[in-house]
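Just so it is clear, the model here is predicted, and its values are computed rather than measured. Worth knowing before you read on, the calculation uses all heavy atoms, side chains too, and leaves out hydrogens, waters and symmetry mates.
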Amino acid sequence: MLLGVVIFLGDDEDPHRVVRRLVDALPTGSHLVLSHTITSPAMPDVDEAVAFWNAHGTPRLTQRTPEQVARFFDGLDLLAPGVVTCSRWRPEKSAGPDGSAGSGEPGESAASGESGESGEPEEVAMYGGVGRKV
């Protein structure tokens, strides 16, 4: 499991090679579970926050594009829905106000994080996936 870990590897550390070495050491049938903060023109506030962190904090963070995150799964069988924003990776149906299971209908609950008409949770700046070694 590399949930929120690879963001701490800079490009100069060849993170794809590092992850490949870890996966190569695993037996067939094992899984890679990975999440990573992304950079996206649609989310300039996230880029600004990471830039602020890198200017004032440690350790440094390295954002990657969704395509760069997907490359960590090269050679693996991806489980559905693939490498997507984490809010859309097998989302649970939202709970109703009384705690009962919601219907999952589009726009059911603004608090559930659903975008409304599409019924899909809003995109977040964290992408992830699960791949099986074959």
* Which one of Met126, Gln63, His36 satisfies the side chain to side chain contact (heavy atoms under 4.5 Å, CB included) criterion with Val69? -> His36

Taking all atoms of both residues into account, what is the closest heavy-atom pair of [X] and [Y], and its distance?
{"X": "Thr85", "Y": "Val124", "value": "OG1-N, 2.8 Å"}
{"X": "Thr58", "Y": "Trp53", "value": "O-CZ2, 3.1 Å"}
{"X": "Ser87", "Y": "Pro121", "value": "O-CG, 3.2 Å"}
{"X": "Gly82", "Y": "Leu78", "value": "CA-CD1, 4.3 Å"}
{"X": "Val6", "Y": "Pro15", "value": "CG1-CB, 4.0 Å"}

* In this structure, are over 12 heavy atoms from other groups packed under 6.0 Å from Arg21 atom CZ? ->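 No, not enclosed.
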
* Arg71 atom CZ, over 12 foreign heavy atoms within 6.0 Å -> no

Whether [X] side chain and [Y] backbone form a donor-acceptor pair below 3.5 Å:
{"X": "Arg90", "Y": "Ala80", "result": "yes"}
{"X": "Asn54", "Y": "Leu61", "result": "yes"}
{"X": "Thr65", "Y": "Gln68", "result": "yes"}
{"X": "Arg20", "Y": "Asp74", "result": "yes"}
{"X": "Arg132", "Y": "His31", "result": "no"}
{"X": "Ser35", "Y": "Tyr127", "result": "no"}

* Asked: Do Leu3 and Val33 pass the side chain to side chain contact (heavy atoms under 4.5 Å, CB included) test, and can you show the C-alpha distance, the side-chain angles, and the key distance before you say yes or no?
  -> CA-CA 7 Å; Leu3 301 173; Val33 182; 3.6 Å; yes

* Close side-chain approach of Val46 to Thr39, heavy-atom, < 4.5 Å ->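 When only atoms from C-beta onward are counted, Thr39 and Val46 do not touch, as no gap falls below 4.5 Å.
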
Please tell me whether [X] and [Y] are part of a single hydrophobic cluster in this structure, the criterion being side-chain heavy atoms less than 4.5 Å apart.
{"X": "Ile38", "Y": "Leu9", "answer": "yes"}
{"X": "Leu22", "Y": "Leu26", "answer": "no"}
{"X": "Val5", "Y": "Leu34", "answer": "yes"}
{"X": "Val83", "Y": "Trp89", "answer": "no"}
{"X": "Val23", "Y": "Phe72", "answer": "yes"}

* To do: Would you sort out whether Thr62 and Phe8 count as a side chain to side chain contact (heavy atoms under 4.5 Å, CB included), showing the intermediate values?
  => CA-CA 6 Å; Thr62 302; Phe8 297 106; over 6 Å; no

* To do: Answer yes or no: is there an ion pair linking Asp24 with Lys133, defined by an N-O contact shorter than 4.0 Å?
  =>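 A salt bridge is absent here (no side-chain N lies under 4.0 Å from a carboxylate O).
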
